[in-house]
Amino acid sequence: MRCPYCNGPSNRVIDSRTHANDTAIRRRRACDGCGQRFTTSERVEYANLIVHKRNGTTQAFDPEQIRSGMAKACTELELDDDHLRMATGKVVAKVRSAHRQSVTSAEIGDYVLEALREISPVAWLRFASVYQKFTSTQDFQRALAELTPEQHLQTNDVQP
Ligand SMILES: [Zn+2]
């Protein structure tokens, strides 16, 4: 990293801080040559990952889309932000763990369903209804039948 003022090769870090969104670290540096100060920003670099969508198009993988999709499914469920963040992190980790260059949107959808199922059966059902294009009450019944016995128990508990 050369000094933007004198192009000198040597400088030292005088302060480092993490950005609010935690994806980048900002470093304040001072040039050993001319003494000017400047800021550098460092972020994690991912290899490009292509998503193949159902309609045949492709797009670059964007973790933010995972987060916002999951947040939508969790609207008004009063879930902890941390739960959502951790669930999103799990999905992104699964998508990235295969070390491939491409992934299908169907696979990502399945990972999201898995993660939502762990944090909220309601969010899971909401996401499934949109993602799997539910068109009838039977679709919902079929999905509900897939829930684990423990999750059924919680729903049945409400009945008198
Ligand atoms: Zn300099």
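Both counts, for ligands and for their atoms, begin at 1 and track the order of listing.
The environment of NE2 in His83 is sparse: at most 12 heavy-atom neighbours from other residues, nucleotides or ligands sit within 6.0 Å. The number of heavy atoms from other shown groups lying within 6.0 Å of CZ (Arg37) does not exceed 12.
A salt bridge does not link Glu107 with Lys94: every distance from a Lys NZ or Arg NE/NH1/NH2 to an Asp or Glu carboxylate oxygen is 4.0 Å or more. For Arg117 and Glu114, the salt-bridge test fails: no basic side-chain N is under 4.0 Å from an acidic carboxylate O.
Judged by distance alone, the side chain of Arg126 and the main-chain N or O of Thr75 form a donor-acceptor pair under 3.5 Å.
Take a cut-off of 2.8 Å around the Zn ion (ligand 1): the protein N, O or S atoms inside it are Cys3 SG, Cys6 SG, Cys31 SG, Cys34 SG.
Relative to the ring axis of Tyr131, Arg54 places its NZ or CZ within 45° and under 6.0 Å from the centre.
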